[in-house]
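Below: one structure in structure tokens.
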Amino acid sequence: MSPKPAEDRRYLMPFDTTSTQQLFTDCLVIGSGIAGLRAALEASRYCDVTLVCKENAADSNTWNAQGGIASVLGGDDTFELHIADTLRTGCGLCDEDIVRLVVRNGPELILQLIEWGAEFDKIDGHIDITLEGGHSRARVAHALGDSTGRGIAEALLRKVRNSPTINFIEHFYAVDLITDDAGACIGVIGCRPNVGCEIIWAANTVLATGGAGRLYRETTNPRVATADGLAMAYRAGAVLRDMEFMQFHPTTLYIAGASRALITETLRGEGALLVDCNHKRFMPEYDPAGELAPRDVVSRSILDRMLKTNSTHVYLDIRHFDKGHFRCRFPLISELCESFDIDVSTDLIPVRPSAHYMIGGVRTDPSGRTSIPNLYACGEVASTGLHGANRLGSNSLLEGLVFGKIAGVTASRQVNHGLNQIRHRMKIEIPPSDRSRLDTGDIVNSLRAVMWRNVGITRKQQPLTEAREIVQFWQRYVMDKVFDDTVGWECQNMLTVSWLMACAAEQRCESRGVHYRVDFPETDPAFATHIDLQRPL
Ligand SMILES: Cc1cc2nc3c(=O)[nH]c(=O)nc-3n(C[C@H](O)[C@H](O)[C@H](O)COP(=O)(O)OP(=O)(O)OC[C@H]3O[C@@H](n4cnc5c(N)ncnc54)[C@H](O)[C@@H]3O)c2cc1C
């Protein structure tokens with residue numbers, strides 16, 4: 001690729017294998033969301049597994065997922081319809097074989113989740129399936145009302161904790177993937193409280209570190225989603241694909257000072273309307289599907305309406321809902337509204353869009369392999385080819401489940417037992433920096449504002465170039481430093497990935513899926529292809 005980062009670093013921290021604490025494992029899984037948990041469970045059938053996550057097990061996008069998981073589970077739905085909906089939403093960039101693979105494997109893996117204790121909501125003894133925007137049939141299964149992610153993660157976590165072949169380590173911050181002279185992944189260097197730096201040597205490593213929503217000022221993502229896995233993989237030389245495609249969720253609760261809690265689009269599936277600050281319904285003016293138009297269309301329409309009405313937000317109107325049903329079906333949102341004194345039977349819910357899902361990621365093949373030998377990726381950190389240029393709602397939990405299993409199989413069946421016991425000798429040194437030190441907290445806040453403004457829902461050449469140049473400026477003062485805490489490493493990772501996203505968005509001079517260029521509003525067949533980024537070796 002053409003532009004070069006201001007500071008090109010292979011490792012963020014120096015280390016010497018002769019003096020660093022070390023662990024050995026057949027298969028290392030980084031991340032405890034749906035993808036990592038499912039990968040660890042699968043791999044543990046064939047070899048010993050070490051599973052790490054950077055905070056508590058529950059700190060993940062998975063735990064926060066509300067609406068549900070999409071799959072063909074009954075009614076008049078068919079695999080072909082789910083495949084067609086996914087391909088249509090992906091705007092020409094989905095890999096059809098991958099779409100077929102994921103859709104066809106969905107029902108069986110969801111039934112397995114139920115066997116493992118996940119309790120999906122039922123109606124008359126059958127899984128209750130809901131209609132969501134972009135889907136032509138009702139196919140979204142939900143658990144605990146609007147806490148589907150927690151319902152699934154709890155079942156997977158119980159199984160992981162009971163597995164004798166999984167060593168689960170929480171509060172392990174993975175800093176960098178370690179590669180040998182041939183470029184193959186041989187483990188990870190990380191840190192944990194009370195232990196300090198630690199190397200985990202692994203015959204195979206599965207990256208399941210989730211997304212990058214925290215690169216934006218407005219986001220639905222929890223604190224852990226700082227793009228660490230994407231940055232680590234980039235430094236190690238992996239190919240990253242489709243980094244310009246960040247999906248924005250149209251409706252997050254907008255209360256100044258409060259965190260941006262997501263208001264699931266299942267609400268719109270069940271009849272919620274969007275109205276502007278004059279209480280006028282506007283979606284039919286933008287798309288015939290109205291409130292059920294795909295996410296990117298709804299997000300852009302809301303943004304346009306906010307501009308036209310000079311307002312910071314729009315509203316969801318559910319005043320016509322049965323209050324009892326709402327409380328039962330959406331307990332999380334009901335509680336959230338009550339906590340802000342919003343009475344949904346008389347009041348409107350203030351909402352605006354925010355960064356939600358990283359479509360791009362580490363490029364993988366149908367077996368979950370990345371371009372780096374012995375490194376696999378699954379879940380939001382991966383670019384499998386399922387989503388193309390736009391993700392169909394509720395397809396990401398499904399992707400994590402299916403590709404978690406696939407990556408777990410590939411990474412464990414190919415374990416060359418004994419390889420993990422090799423004690424590699426490495427000494428990485430980093431010269432001290434002579435440039436000034438900037439406040440990393442300040443940079444992170446400013447970076448998130450720049451990404452929101454310049455690499456947001458709508459984009460244009462000049463602001464994109466400015467964003468890339470501003471990030472490059474910060475990189476000069478941050479990437480040359482050695483930090484010994486997560487705040488510093490996260491700042492370095494966020495700068496790296498923001499820079500990659502701005503570069504890719506600059507290169508895609510067209511509008512496709514979630515990537516909307518005001519200066520190139522049409523889809524251009526010449527760009528019906530992926531943008532791959534790789535660190536120059
Ligand atoms: C509010 C919200 C609602 C959503 N609703 C839905 C929905 O209804 N349906 C749907 O399909 N999708 C939904 N999504 C998207 C979906 O939740 C995610 O795409 C999916 O859960 C990602 O799973 P994952 O396993 O890839 O990553 P995550 O669940 O995000 O897990 C990532 C893991 O990696 C760990 N990690 C990260 N960095 C490091 C590091 N440096 N060292 C060690 N560990 C690290 C984290 O600690 C975490 O354990 C929603 C997302 C959000 C935020």
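Everything numeric here is computed off the predicted structure, so don't read it as measured data.
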Item to check | Donor-acceptor under 3.5 Å (Asp146 side chain, Ile333 main chain) | outcome: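 Side chain of Asp146 to backbone of Ile333, a donor-acceptor pair under 3.5 Å: yes, one is there.
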Checklist entry - Where do Glu285 and Lys280 land on the salt bridge (Lys or Arg N to Asp or Glu O under 4.0 Å) test, with the steps shown first? => result CA-CA 11 Å; Glu285 291 172 37; Lys280 185 171 181 297; 2.8 Å; yes
Next on the checklist: Checking Leu533 against Val239 for the side chain to side chain contact (heavy atoms under 4.5 Å, CB included) test, could you report, in this order, the C-alpha distance in whole Å, the side-chain angles of both residues, the deciding distance, and whether it holds?
Outcome noted: CA-CA 6 Å; Leu533 302 175; Val239 174; over 6 Å; no
Checklist entry - Rounded to the nearest 0.5 Å, what separation is found between the CD atom of Gln247 and the CD1 atom of Ile457? => result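 Reported to 0.5 Å precision, the distance equals 11.0 Å.
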Checklist entry - Do Asp85 and Ser136 have side-chain atoms, one donor and one acceptor, less than 3.5 Å apart? => result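 Side chains of Asp85 and Ser136: pair found under 3.5 Å.
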Item to check | Lys/Arg cation over aromatic Tyr254: Arg352, 6.0 Å, 45° cone | outcome: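 Output yes; distance and angle both within limits.
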Next on the checklist: Tell me whether the count of non-hydrogen atoms from other residues, nucleotides or ligands lying under 6.0 Å of CG in Asn310 goes above 12.
Outcome noted: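 Open: at most 12 neighbouring heavy atoms sit under 6.0 Å from CG of Asn310.
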Checklist entry - Using a distance-only test with no angle check, is there a side-chain donor-acceptor pair under 3.5 angstrom linking Tyr173 and Asp228? => result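 Short answer, yes.
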Next on the checklist: Walk me through whether Glu490 and Arg214 qualify under salt bridge (Lys or Arg N to Asp or Glu O under 4.0 Å).
Outcome noted: CA-CA 10 Å; Glu490 282 178 353; Arg214 300 300 290 192; over 6 Å; no
Next on the checklist: Can a side-chain donor-acceptor contact be found between Thr89 and Arg295 if the only test is distance below 3.5 angstrom?
Outcome noted: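 Per modelled atom types, Arg295 and Thr89 side chains form no pair under 3.5 Å.
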Checklist entry - Taking the side chain from Asp242 and the backbone from Gly360, do they hold a donor-acceptor pair closer than 3.5 Å? => result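 Checking the backbone N and O of Gly360 against the side chain of Asp242, no donor-acceptor pair under 3.5 Å is found.
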Item to check | Pairwise side-chain contact, Met501 with Met358, heavy-atom cut-off 4.5 Å (strictly under) | outcome: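 Sidechains of Met358 and Met501: in contact.
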Item to check | Thr220 and His249: side chain donor to acceptor below 3.5 Å | outcome: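 Checked: Thr220/His249 side chains show no N/O donor-acceptor pair below 3.5 Å.
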Item to check | Main-chain N/O of Gly441 paired to Asp439 side chain as donor or acceptor, under 3.5 Å | outcome: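 Side chain of Asp439 to backbone of Gly441: a pair is present.
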Next on the checklist: Check Arg435 with Asp480, please: is the shortest side-chain N to carboxylate O separation under 4.0 Å?
Outcome noted: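 Looking at Asp480 and Arg435, the cut-off is met.
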Checklist entry - Out of curiosity, Ile531 CD1 to Leu240 CG, how far, rounded to the nearest 0.5 Å? => result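 It is 12.5 Å, given to the nearest 0.5 Å.
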Checklist entry - Can a salt bridge be assigned to the pair Arg268 and Glu270 using a cut-off of 4.0 Å between side-chain N and carboxylate O? => result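 Between Glu270 and Arg268 there is no salt bridge, as every charged N stays at least 4.0 Å from the carboxylate O atoms.
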Next on the checklist: Under 4.0 Å between a side-chain nitrogen and a carboxylate oxygen: does that hold for Asp97 and Arg100?
Outcome noted: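 No, Asp97 and Arg100 are not salt-bridged.
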Next on the checklist: Under 4.0 Å between a side-chain nitrogen and a carboxylate oxygen: does that hold for Arg235 and Asp176?
Outcome noted: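 Yes, Arg235 and Asp176 are salt-bridged.
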Checklist entry - Would you say Arg9's side chain and Tyr11's backbone share a donor-acceptor pair under 3.5 angstrom? => result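 Indeed, once roles are kept as given, a pair shorter than 3.5 Å links the two residues.
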Checklist entry - With a 4.5 Å limit on heavy-atom distance, are the side chains of Tyr315 and Ile349 in contact? => result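 Side-chain contact under 4.5 Å: no.
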Item to check | Donor-acceptor pair between Asp287 and Ser301 side chains, under 3.5 angstrom | outcome: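 There is no such pair (donor and acceptor under 3.5 Å, judged by atom type) between the side chains of Asp287 and Ser301.
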Next on the checklist: How close do Leu464 and Ala502 get, counting heavy atoms only, and between which atoms?
Outcome noted: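 Shortest heavy-atom contact: O-CB, 4.2 Å.
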Item to check | Check: Ile342 and Leu336 side chains under 4.5 Å, non-hydrogen atoms | outcome: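 When only atoms from C-beta onward are counted, Ile342 and Leu336 do not touch, as no gap falls below 4.5 Å.
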Checklist entry - Cation-pi between Arg369 and Tyr376: NZ/CZ under 6.0 Å from ring centre and within 45° of the ring axis? => result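 Geometry flag: not set, cation outside 6.0 Å or 45°.
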Next on the checklist: Going by side-chain hydrogen bond (donor to acceptor under 3.5 Å, both in side chains), Glu380 matches just one of Asn61, Thr62, Thr209. Which one?
Outcome noted: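 Of the listed residues Asn61, Thr62, Thr209, the side-chain hydrogen bond (donor to acceptor under 3.5 Å, both in side chains) partner of Glu380 is Asn61.
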Item to check | Contact summary for Arg38 and Leu401, nearest pair of heavy atoms | outcome: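 Reported closest heavy-atom pair: CG-O, 3.4 Å.
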Checklist entry - So does Asp296 pair up with Arg300, basic N to acidic O under 4.0 Å? => result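 So Asp296 pairs with Arg300 through a salt bridge.
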Checklist entry - Does a side chain donor of either Glu399 or Thr384 reach within less than 3.5 Å of an acceptor in the other side chain? => result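 Short answer, yes.
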Checklist entry - With side chains defined as the heavy atoms from C-beta onward, is the minimum distance between His387 and Asn395 less than 4.5 Å? => result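 Heavy-atom side-chain distance check passes, below 4.5 Å.
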Item to check | Polar side chain donor-acceptor pair, Asp317 to His279, under 3.5 angstrom | outcome: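 No, no side-chain donor-acceptor contact under 3.5 Å.
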Checklist entry - Taking side chain as C-beta onward, heavy atoms only, is Ile443 less than 4.5 Å from Tyr477? => result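 SC-SC contact between Ile443 and Tyr477 ruled out.
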Item to check | Donor-acceptor contact present, side-chain Glu170 to main-chain Ala57, <3.5 Å | outcome: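 Here the side-chain-to-backbone pair exists.
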Next on the checklist: For a quick check under 3.5 Å, do Ser354 and Thr219 share a side-chain donor-acceptor pair by atom type?
Outcome noted: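 Note: Ser354 and Thr219 side chains miss the donor-acceptor criterion.
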Next on the checklist: Counting neighbours of CZ on Arg223 that are heavy atoms of other residues, nucleotides or ligands and sit closer than 6.0 Å, is the number greater than 12?
Outcome noted: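 Open: at most 12 neighbouring heavy atoms sit under 6.0 Å from CZ of Arg223.
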Checklist entry - Within the side chain of Asp519, is there an N or O that forms a donor-acceptor pair under 3.5 Å with the backbone of Gln461? => result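 Side chain of Asp519 to backbone of Gln461, a donor-acceptor pair under 3.5 Å: yes, one is there.
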Checklist entry - Do the side chains of Ile189 and Met13 get nearer than 4.5 Å, heavy atoms only? => result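 Yes, at least one pair of side-chain atoms sits under 4.5 Å.
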Checklist entry - For Ser436, does its backbone N or O pair with a side-chain atom of Lys481 as donor and acceptor, under 3.5 Å? => result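 Yes: the side chain of Lys481 pairs with the backbone of Ser436.
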Next on the checklist: Please check this pair: side chain of Ser511 against backbone of Arg517, looking for a donor-acceptor N/O pair closer than 3.5 Å.
Outcome noted: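 Yes.
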Checklist entry - Distance only, no hydrogens: is a donor on one side chain within 3.5 Å (strictly under) of an acceptor on the other, for Thr523 and Glu510? => result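 The answer is no; no qualifying pair exists.
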Next on the checklist: Could you tell me if Lys54 and Thr226 have a donor-acceptor pair between their side chains, going purely by distance under 3.5 Å?
Outcome noted: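 A donor-acceptor contact under 3.5 Å links the two side chains.
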Checklist entry - How long is the gap from CG on Leu438 to CH2 on Trp474, to the nearest 0.5 Å? => result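 So the gap between those two atoms works out to 10.0 Å.
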Next on the checklist: Side chains of Val140 and Leu131, heavy atoms from C-beta outward: is any pair under 4.5 Å?
Outcome noted: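 No, too far: nothing below the 4.5 Å cut-off.
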Checklist entry - Using 4.0 Å as the upper bound for N to carboxylate O, is an ion pair formed by Arg459 and Glu506? => result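 No, this pair does not count.
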Item to check | From OG (Ser32) to CZ (Phe172), nearest 0.5 Å | outcome: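 Here the interatomic distance stands at 13.5 Å.
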Checklist entry - Quick check: does any side chain N or O of Asn56 sit under 3.5 Å from a backbone N or O of Asp59, one acting as donor and the other as acceptor? => result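 Flag not set: sc Asn56 to bb Asp59 has no pair under 3.5 Å.
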Checklist entry - Do Tyr216 and Phe248 have ring centroids that are under 6.0 Å from one another? => result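 Close enough - the centres of the two rings lie under 6.0 Å apart.
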